A.B. asks: 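Below you'll find the structure I mean.
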Amino acid sequence: MFEPSDKPRLFGLPCGVDFPRAVKEGLLERFGTDQPELLARTEIFVNTSRMKRDLLAAFDDGQTRLLPRVRLVTELGRDLRFRDLRMPVSGLRLRLELAQLITHFLDNRPGFAERSAVYGLADTLALLLGEMHDEDVTYETLCDLTLENTSDHWREALEFLKIVKDIYDRDTDMPPLVEERMRTVVERLATEWASCPPDHPVLVVGSTGSRGTTARFMEVVARLPQGAVIQPGVDFDMPQHVWDRLADPSISGPMHDHPQERIVRLATTLGLSRRDVTPFAQMEPPSADRNALLSLALRPAPVTDEWMKEGPKLRGIKDACANLTLIEAPDPRREATAVALVLRKAAEDNKRAALITPDRDLARQVSAMLDRWDIDPDDSAGEPLNQTPPGRLFRLISNLFGRKVTSEDMMVLLKHPLVAKGSFDGESSRGIHLLWTRQLEVYLRKNAIAFPDKDLLLAWADKMGRAANDKDARTAWVVWICDLLAQVDPVGTRSLAAHLDHTLALARGLASGPHGADDSALWDNLSGREMHRVMDELCREAQWGGDMTPYEFDEMFRAVIGRAMSRDPTPKHPNVMIWGTLEARSLQADLVIVGGLNDGIWPPQPKPDPWFSRDMRKEAGLLSPEQMVGLSAHDFQQAFGAKEVVISRALRNAETETVPCRWVIRLTNLLSGLHDEGTQAIDDMRRRGAVWIDWANLLDKPDPSRDVTELAKRPSPRPPVEVRPRELSVTRIETLIRDPYAIYASKILGLYKLAPLNHAPDPRDRGNAFHDIMERFVAGFDPSESNEDAASRLLSLTDDVLNETVVWPTERRIWRSRMRKVADKLAAREVERLKTGGNVGIEKSGEIFLADIDFKLSCFADRIDRMDGGGYHIFDYKASAPPKEKEAKAFRIQLLLEALILQEGTFKDIAQGHVRKVSYLGLDKDLQVTELDIDSEVIAQVRKKLTTLINNYDKSETGYTARRAPKFNTFPSDYDLLSRFKEWTEADDACAEDVQ
């Protein structure tokens with residue numbers, strides 16, 4: 001195939017060509033018509049499965065011929081000739097072993113990192129060890145590193161790495177790492193082929209040699225008599241002096257981020273010059289002018305000044321930019337919409353189009369947008385396992401261990417699509433299961449139950465079961481749930497195997513249902529089978545995981561399933577693809593969209609390395625962050641060479657304005673600095689991109705003819721007088737004054753807001769707890785106790801009440817501390833009050849019927865004391881600051897109404913009598929008190945105001961106006977959504993409307 005040569009063979013193909021087809025054409029051109037069997041003996045090594053598939057597809061052009069043997073570089077070690085080498089350690093086992101070492105290390109160095117980061121540290125350390133073998137960095141190198149003027153963190157990291165060296169040294173019985181075994185394979189091949197080279201062609205195709213072992217293999221192949229390396233995206237427009245700068249070993253740093261740096265380094269290692277790297281096939285790129293333009297734009301920083309000299313010489317700027325579109329979207333959502341529209345248009349025009357981006361968020365958003373048009377793109381990355389139904393279920397389960405199950409946890413589990421997929425009394429258990437789940441959710445939210453227990457759920461099943469005549473079945477369903485979840489709270493430190501067994505048992509029990517034994521729903525699709533594989537691997541390697549706390553297990557488990565991908569092999573849309581950056585090398589697309597072109601995405605932010613600083617990596621000979629930037633630049637350069645290119649970015653993300661990626665900045669700056677043709681090209685690119693943004697905006701813009709809904713007016717419904725409430729509590733009277741619409745919605749429509757499932761502690765919970773504390777304190781008052789004893793008893797009651805009624809540990813501590821700060825002063829104040837009169841009622845119910853307006857008023861009084869000299873004193877506790885006197889007389893008239901009831905109505909176990917005072921007792925840090933003196937005139941005024949208020953709402957023309965007099969503009973109402981607040985303001989006039 002190749003003529004004899006004393007030089008290694010390094011070929012290239014320019015950016016933008018159909019790489020697999022060009023490789024095929026170059027091979028067939030060299031073989032000619034002689035020895036057709038030689039093609040079948042040809043070995044071609046590629047770097048990705050997609051490249052392998054595309055290369056074989058390129059030979060499938062309808063002509064009959066033998067096919068070459070196409071293999072992945074990673075398959076080298078599977079040859080029988082290497083069967084004497086020990087199989088490598090699995091990546092999971094390595095990480096589990098390292099996690100144990102790191103756990104012991106953190107026990108002695110707690111300041112190095114958080115314990116929750118153990119598995120993340122193990123993962124980065126495993127990658128570091130693999131990189132050391134890839135780059136042929138020995139463990140002994142660690143001992144020679146100098147750490148002058150560096151922090152203690154790196155000294156501790158190096159100390160730990162030396163311990164790892166002793167364990168993973170080749171003198172031990174540990175199986176080799178994958179990268180270590182691969183390097184051994186390559187070195188053995190190099191030795192064998194040096195003395196007995198293959199008599200058939202061997203090619204390495206599509207790899208740039210970014211990893212040291214792969215680069216070493218490429219060197220070996222390039223030196224074979226019938227070997228060659230074919231690299232993608234070679235810049236044949238790069239001048240000799242730029243090549244020389246990239247090849248100069250004395251220059252480092254900024255030069256590493258150039259897209260051609262790896263290619264030049266490989267050629268230099270092989271002893272080749274720029275002229276020795278020749279095209280493998282005579283195939284013209286779609287736009288040679290555009291390749292030349294980008295080549296100049298990406299010149300390394302030290303020679304960017306050449307723009308001034310070579311820029312004006314560029315020709316064909318208009319043609320180079322004719323098929324370029326620049327989309328600058330206002331935000332990521334509209335970028336995704338615009339990209340999806342481009343792909344849809346390409347599909348309609350029967351063009352082969354691909355989105356190339358490392359941004360998986362953008363890829364998922366584009367896929368979701370395409371789904372609205374029934375376009376299923378061929379996504380090379382697949383779907384992360386932790387986002388599939390089986391992965392989400394297992395992730396939910398692992399997160400439960402070691403903590404109390406909340407209502408939200410329970411509902412999320414029960415609503416999962418894989419739960420209860422068996423059979424139940426001959427019917428689909430899923431339907432009955434979902435019905436009961438919804439009913440249970442309403443019950444939990446209606447009663448604001450944060451942590452349900454078995455007794456509570458059984459009581460619900462009994463009550464609802466009697467009404468629906470399914471008590472036994474519903475009770476069995478509750479028992480099934482409670483029995484499965486009862487064992488997650490007590491989970492403590494245990495072996496990884498025990499954690500996994502428990503996780504599997506819970507998943508199978510939840511999938512099977514209350515009476516089923518079939519858990520096949522977990523494993524009966526592609527994502528389920530991948531989940532089964534991951535769980536099998538975890539169980540197989542669990543012996544190396546040691547003991548873990550529930551939180552360490554959850555972190556490890558989430559990381560493991562987060563790395564796995566579920567790939568659907570079913571046919572997708574043949575002309576719409578989503579590729580990662582590696583797929584840019586194949587470039588079998590008419591239209592390429594390079595998406596997410598913002599700094600931090602192109603190139604991606606380097607991941608933090610907790611083990612090696614930048615200087616340590618440089619001294620050890622490991623890859624620098626700039627080299628990874630160079631690889632990303634090379635991917636961009638290849639994608640930019642396509643026939644038609646759309647480059648897109650979002651001007652803002654969720655937090656701030658974005659910065660364009662450095663290559664877009666270079667390109668636009670170069671064009672802007674050229675003659676008028678360059679400026680016009682930039683304007684045209686942006687104009688073409690603006691068309692797609694306009695279409696994206698129109699896609700979400702409502703159609704005035706059918707989609708526009710007129711803004712709601714401030715509602716003031718007027719229901720029939722006969723359905724208006726004839727009974728209210730004293731607290732609802734204030735609501736009737738401030739927000740009458742809330743009375744209409746609750747008392748007439750019967751609508752009540754349900755508490756959220758993830759019920760968080762709020763001021764109401766604190767108020768209930770403090771009310772309970774004060775009730776117990778007053779009920780247990782002993783006139784003989786001192787202020788100090790009373791304060792001690794108050795704190796003891798605080799502990800009892802908080803432990804009994806408050807389920808949030810953090811809030812218990814905060815509220816206990818709050819009470820402790822005021823206990824002495826509060827106890828002294830209450831002792832003085834109780835000694836002068838005495839308590840006669842706590843949480844007493846009362847009511848009064850006003851016959852003249854046919855209305856009943858009811859209440860529950862927090863506390864009623866008898867005053868010295870006769871008369872009553874009514875109290876109301878406020879966990880925060882009490883209302884001021886003016887507000888208490890105008891709006892917060894709860895105690896005034898209670899005084900009316902006590903003087904003219906009935907209180908349970910309390911005789912009617914004169915009320916002399918009412919007081920709001922603040923339980924805040926200042927223990928403020930608001931007192932109002934009561935006499936017959938005050939009571940008469942209260943009665944008159946109440947009568948006037950009720951009479952007013954007994955008139956058919958009076959409506960229940962929304963937010964009539966809120967305390968603040970930000971006053972929250974449970975019925976703002978119903979009244980469509982935000983479509984109107986409190987300054988708008990109320991719109992009265994008769995309702996039936």
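In this text, all values refer to a predicted model and were calculated from it rather than measured experimentally.
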A.B. asks: For E219, is there an ion pair with R223 - N to carboxylate O distance below 4.0 angstrom?
C.D. replies: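 Judged by the 4.0 Å cut-off on N to carboxylate O distance, R223 and E219 do not form a salt bridge.
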A.B. asks: Without swapping roles, check the side chain of H634 against the backbone of V234 for a donor-acceptor pair under 3.5 Å.
C.D. replies: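 No, the answer is negative, given that no donor and acceptor are paired below the 3.5 Å cut-off.
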A.B. asks: Does D331 have any salt bridge (charged side-chain N to carboxylate O under 4.0 Å, His left out) partners at least two apart in sequence or in another chain, and if so, which?
C.D. replies: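 Once residues adjacent in sequence are excluded, the partners of D331 under the salt bridge (charged side-chain N to carboxylate O under 4.0 Å, His left out) criterion are R334.
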A.B. asks: Which residues satisfy the side-chain hydrogen bond (donor to acceptor under 3.5 Å, both in side chains) test with D554, sequence neighbours excluded?
C.D. replies: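 For D554 the side-chain hydrogen bond (donor to acceptor under 3.5 Å, both in side chains) partners, ignoring immediate neighbours, are S398, R558.
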A.B. asks: Holding to side-chain contact (heavy atoms from CB on, under 4.5 Å), I want the full list of residues that pass it with A498, two or more places apart in sequence or in another chain.
C.D. replies: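 Residues passing side-chain contact (heavy atoms from CB on, under 4.5 Å) with A498: R494, S495.
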A.B. asks: D361: what forms a side-chain hydrogen bond (donor to acceptor under 3.5 Å, both in side chains) with it, not counting sequence neighbours?
C.D. replies: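 For D361 the side-chain hydrogen bond (donor to acceptor under 3.5 Å, both in side chains) partners, ignoring immediate neighbours, are R364.
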A.B. asks: Checking ring pair (Phe, Tyr, Trp, His ring centres under 6.0 Å) for the pair F557/Y119: CA distance, chi angles, key distance, verdict?
C.D. replies: CA-CA 9 Å; F557 190 80; Y119 192 81; over 10 Å; no
A.B. asks: Using salt bridge (charged side-chain N to carboxylate O under 4.0 Å, His left out) as the criterion, list what pairs up with R617, not counting sequence neighbours.
C.D. replies: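 Testing R617 for salt bridge (charged side-chain N to carboxylate O under 4.0 Å, His left out), a comparison that skips the adjacent residues, returns E131, D609.
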A.B. asks: Regarding T493 and D547, do their side chains bring together a donor and an acceptor under 3.5 Å, going by distance alone?
C.D. replies: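 Judged by distance alone, the side chains do not pair up.
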A.B. asks: Taking side-chain contact (heavy atoms from CB on, under 4.5 Å) as the definition, give me every residue that meets it alongside T191, ordered by chain and number, with sequence neighbours left out.
C.D. replies: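 Testing T191 for side-chain contact (heavy atoms from CB on, under 4.5 Å), a comparison that skips the adjacent residues, returns none.
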A.B. asks: Residues in salt bridge (charged side-chain N to carboxylate O under 4.0 Å, His left out) with E306, at least two apart?
C.D. replies: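 E306 satisfies salt bridge (charged side-chain N to carboxylate O under 4.0 Å, His left out) with R299 only.
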A.B. asks: Tell me whether the guanidinium CZ or amine NZ of R274 lies under 6.0 angstrom from the six-membered ring centre of W243 and within 45° of its axis.
C.D. replies: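 Pair R274/W243 does not count as cation-pi.
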A.B. asks: Check whether the side chains of Q637 and Q260 place a donor and an acceptor atom closer than 3.5 Å, and report yes or no.
C.D. replies: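 A pair is found: one side chain offers a donor N or O, the other an acceptor, under 3.5 Å apart.
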A.B. asks: Using the test side-chain hydrogen bond (donor to acceptor under 3.5 Å, both in side chains), find all partners of R818 that sit at least two apart in sequence or belong to another chain.
C.D. replies: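 Result, side-chain hydrogen bond (donor to acceptor under 3.5 Å, both in side chains) vs R818: none returned.
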A.B. asks: How close do R216 and A190 get, heavy atom to heavy atom, and via which atoms?
C.D. replies: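 Smallest interatomic distance, heavy atoms only, reads NH2-CB, 3.7 Å.
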A.B. asks: Between the side chains of E541 and S90, does any donor sit under 3.5 Å from an acceptor?
C.D. replies: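 Yes, S90 and E541 have a side-chain donor paired with an acceptor closer than 3.5 Å.
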A.B. asks: Who pairs with T656 by side-chain contact (heavy atoms from CB on, under 4.5 Å), at least two apart in sequence or on another chain?
C.D. replies: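 Partners of T656 under the side-chain contact (heavy atoms from CB on, under 4.5 Å) test: N653.
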A.B. asks: Does M628 offer a backbone N or O that forms a donor-acceptor pair with the side chain of S632 under 3.5 Å?
C.D. replies: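 A pair under 3.5 Å: no.
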A.B. asks: When H153 is tested against each of W611, F160, F112 for ring pair (Phe, Tyr, Trp, His ring centres under 6.0 Å), which residue passes?
C.D. replies: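 For H153, the ring pair (Phe, Tyr, Trp, His ring centres under 6.0 Å) check succeeds only for F112.
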A.B. asks: Looking at residues at least two apart in the chain, or sitting in another chain, which of them share a salt bridge (charged side-chain N to carboxylate O under 4.0 Å, His left out) with D136?
C.D. replies: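 Applying salt bridge (charged side-chain N to carboxylate O under 4.0 Å, His left out) to D136 gives R183.
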A.B. asks: Give the table of side-chain donor-acceptor pairs shorter than 3.5 Å for residues 658-665, with sequence neighbours excluded, one pair per line with atom names and distance.
C.D. replies:
from, atom 1, to, atom 2, distance (Å)
T658, OG1, R649, NH2, 3.1
T658, OG1, A650, O, 2.5
T658, OG1, L651, O, 3.0

A.B. asks: Taking T141 for the side chain and V137 for the main chain, is one N or O donor matched with an acceptor at less than 3.5 Å?
C.D. replies: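 No: the side chain of T141 does not pair with the backbone of V137.
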A.B. asks: Sequence neighbours excluded, which residues qualify as side-chain contact (heavy atoms from CB on, under 4.5 Å) partners of D84?
C.D. replies: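 For D84, the residues satisfying side-chain contact (heavy atoms from CB on, under 4.5 Å) (neighbours in sequence not counted) are R188.
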